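Take a look at the structure set out below.
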Amino acid sequence: MAELLVLGIESTCDETSAAVVSRNASGVGRILSNVVRSQVEIHSPYGGVVPEIAARAHVEILDHVISEAMRQANVSFSELSAVAAAAGPGLIGGVIVGLTTAKSIALAARKPLVAVNHLEAHALTARLTDGISFPYLLLLVSGGHTQLLAVEDVGRYTRLGTTLDDAVGEAFDKVAKMLSLPYPGGPQVELQARQGNARRFSFPRPLAGRREPDFSLSGLKTAVRLEAQRNAPLSEQDVADLCASFQAAVVDVIADRVKVGARAFRDRLGRGATALVVAGGVAANTEIREALVRVASDLGTRIALPAPELCTDNGAMIAWAGIERFARGFMDDLTVSPRARWPLDPAAAASATARA
Ligand code: KG4
Ligand code: ZN
């Protein structure tokens with residue numbers, strides 16, 4: 001196939017981003033631009049993302065972010081093969097802004113539209129950065145999602161495990177909040193943990209050893225809250241020790257769950273994964289990255305850990321997923337709807353609903 005050139009738009013949460021990515025005839029991808037504007041400062045006074053404020057902020061800067069991405073890539077709309085946008089899952093106001101903008105560009109420039117699932121974009125990023133082939137084991141750990149998935153092909157995902165309560169990033173954010181650390185909490189907890197004693201508090205490792213590769217974080221979060229209350233008022237050292245002990249527990253939980261996930265992958269597919277791929281904002285955490293490198297080495301599996309700026313939300317991952325879908329003939333018409341919820345594995349989502 002000839003070279004493909006796709007503009008990707010991301011606006012599902014608190015990052016406004018646009019990127020231009022190409023793929024050459026041998027299938028190798030290249031990021032020509034990836035402009036990311038974070039709304040962290042706008043939301044930080046509220047201690048979390050406020051959906052209406054996020055949608056408004058996307059409206060205000062998306063046009064500018066897109067022109068900047070096109071300018072940096074030095075391409076015009078007429079040269080694009082297609083326009084891709086994240087059509088969900090996410091905060092619906094923001095999703096509407098990004099998808100509607102993509103539709104307008106597609107209509108005006110007479111280009112095909114590709115509506116991308118944000119989770120699929122996280123899942124496929126390692127093929128852009130590391131050229132990973134199918135099938136692989138994906139650990140997706142972000143503020144909204146914590147899942148282990150078997151990625152068999154573009155559009156073919158089997159959920160092996162998920163969180164029964166909080167997402168890992170959410171647990172980091174909640175622990176930060178209870179310790180009065182600024183938003184977003186994950187990076188703050190990591191920073192504090194560097195000065196702390198990870199052995200001072202022995203927090204639980206929920207579901208350790210369980211055969212299903214699911215996660216549970218709420219018991220751990222509660223244990224941190226109880227220790228924080230018991231030691232109040234907290235000194236700087238107390239906060240650092242709580243963060244270090246919490247992070248150590250999360251590291252152990254992730255390592256254990258991924259090992260179980262690798263076994264579930266083999267049972268399900270009858271073969272091992274080509275690689276362990278990690279995605280989502282939490283994958284920016286150094287301790288977690290190092291632990292996953294050890295896990296992959298124990299499993300004898302290659303690991304793909306995209307650079308932190310490609311683990312968090314960005315337009316390049318949407319553009320790349322757009323390329324992967326477009327190359328397989330998956331396009332969408334202009335009536336496609338934005339979706340607040342959009343599971344990658346509908347079968348798993350349906351069975352979870354049936355159980356509930
Ligand atoms: O993928 P992402 O940018 O947004 C979505 O949730 O889709 O992930 C953001 C999450 C937040 O919960 C944030 O606290 C967490 O990733 N995070 C981290 C770190 N950096 C970001 N958690 C732990 N350690 C970090 N260094
Ligand atoms: Zn994300």
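Treat the numbers as computed from the prediction; the structure is a model and nothing was measured. Along the sequence shown, the residues carry numbers beginning at 1.
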[X] side chain to [Y] backbone, donor-acceptor under 3.5 Å:
| X | Y | value |
| --- | --- | --- |
| T162 | Q147 | no |
| D166 | S216 | no |
| E79 | S76 | yes |
| H43 | P184 | no |

Closest non-hydrogen atom pair between [X] and [Y], with its separation:
| X | Y | result |
| --- | --- | --- |
| S218 | D165 | N-OD1, 3.1 Å |
| S22 | L5 | CB-CD1, 3.8 Å |
| L62 | I9 | CD1-CG2, 3.9 Å |
| R289 | C311 | NH1-SG, 4.1 Å |
| A82 | V114 | CB-CG2, 4.2 Å |
| A73 | L32 | CB-CB, 3.6 Å |

Look up atom [atom1] in [X] and atom [atom2] in [Y], then write down how far apart they are to the nearest 0.5 Å.
| X | Y | atom1 | atom2 | answer |
| --- | --- | --- | --- | --- |
| R302 | Y136 | CZ | OH | 11.5 Å |
| R194 | C243 | CZ | SG | 12.0 Å |
| L4 | W320 | CG | CH2 | 9.0 Å |
| L148 | E212 | CG | CD | 12.5 Å |
| S297 | I303 | OG | CD1 | 10.0 Å |
| M178 | F246 | CE | CZ | 8.0 Å |

Provide the full list of salt bridge (charged side-chain N to carboxylate O under 4.0 Å, His left out) pairs with a residue in [range], sequence neighbours left out, each pair given once.
| range | result |
| --- | --- |
| residues 262-278 | none |
| residues 228-241 | R200-D238, R200-D241, E227-R230 |
| residues 108-133 | E120-R325, R127-E324 |

Any carboxylate oxygen within less than 4.0 angstrom of a Lys/Arg side-chain nitrogen, looking at [X] and [Y]?
| X | Y | result |
| --- | --- | --- |
| D256 | R210 | no |
| K259 | D298 | yes |
| K174 | E170 | yes |

Practice item. Kindly write out the residues that satisfy salt bridge (Lys or Arg N to Asp or Glu O under 4.0 Å) with R205, not counting sequence neighbours, or none if the list is empty. Key: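 For R205 the salt bridge (Lys or Arg N to Asp or Glu O under 4.0 Å) partners, ignoring immediate neighbours, are D252.
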Side chain to side chain, [X] and [Y], heavy atoms closer than 4.5 Å:
| X | Y | value |
| --- | --- | --- |
| L181 | Q192 | yes |
| V277 | T125 | no |
| L276 | V258 | yes |
| E15 | N314 | no |
| L113 | L334 | yes |
| R37 | V35 | yes |
| L149 | L344 | yes |
| V224 | F203 | yes |

Exercise for review: Decide whether I318 and I31 are clustered together by the hydrophobic rule: side chain heavy atoms of Ile, Leu, Val, Met, Phe, Trp, Tyr closer than 4.5 Å, transitively.
Suggested key: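 Same cluster.
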Exercise for review: Kindly work out whether a path of hydrophobic side-chain contacts (I/L/V/M/F/W/Y, heavy atoms less than 4.5 Å apart) joins L220 to F201.
Suggested key: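 Result: yes, single cluster for both.
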Exercise for review: Could you check whether the rings of H118 and H122 sit parallel, tilted or perpendicular, using 30° and 60° as the cut-offs?
Suggested key: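 Judged by the thresholds at 30° and 60°, the geometry between H118 and H122 is perpendicular.
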Exercise for review: Tell me, yes or no, whether the heavy-atom count around E41 atom CD, taken from other residues, nucleotides or ligands under 6.0 Å, exceeds 12.
Suggested key: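 Open.
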Review item, side-chain donor-acceptor pairs of residues 92-102, under 3.5 Å, at least two apart:
unit_1	atom_1	unit_2	atom_2	d
T100	OG1	I96	O	2.6
T101	OG1	V97	O	2.7

Check your understanding: Does the pair V336 and K103 meet the rule for a side chain to side chain contact (heavy atoms under 4.5 Å, CB included), with working shown?
Key -> CA-CA 9 Å; V336 66; K103 285 179 181 178; 3.9 Å; yes
Exercise for review: For L124 and M317, run side chain to side chain contact (heavy atoms under 4.5 Å, CB included): C-alpha distance rounded to whole Å, both residues' side-chain angles, the deciding distance at 0.1 Å, then the answer.
Suggested key: CA-CA 7 Å; L124 297 175; M317 70 178 192; over 6 Å; no
Review point. Run the side-chain hydrogen bond (donor to acceptor under 3.5 Å, both in side chains) check on S245 and Q247 step by step: do they pass?
Key: CA-CA 6 Å; S245 303; Q247 185 174 271; over 6 Å; no
Exercise answer: donor-acceptor pairs, residues 83-90 side-chain atoms, under 3.5 Å, sequence neighbours excluded:
none

Review point. Are I254 and I288 close enough, and set up right, to give a side chain to side chain contact (heavy atoms under 4.5 Å, CB included), and what steps lead you there?
Key: CA-CA 8 Å; I254 290 180; I288 293 175; 4.0 Å; yes
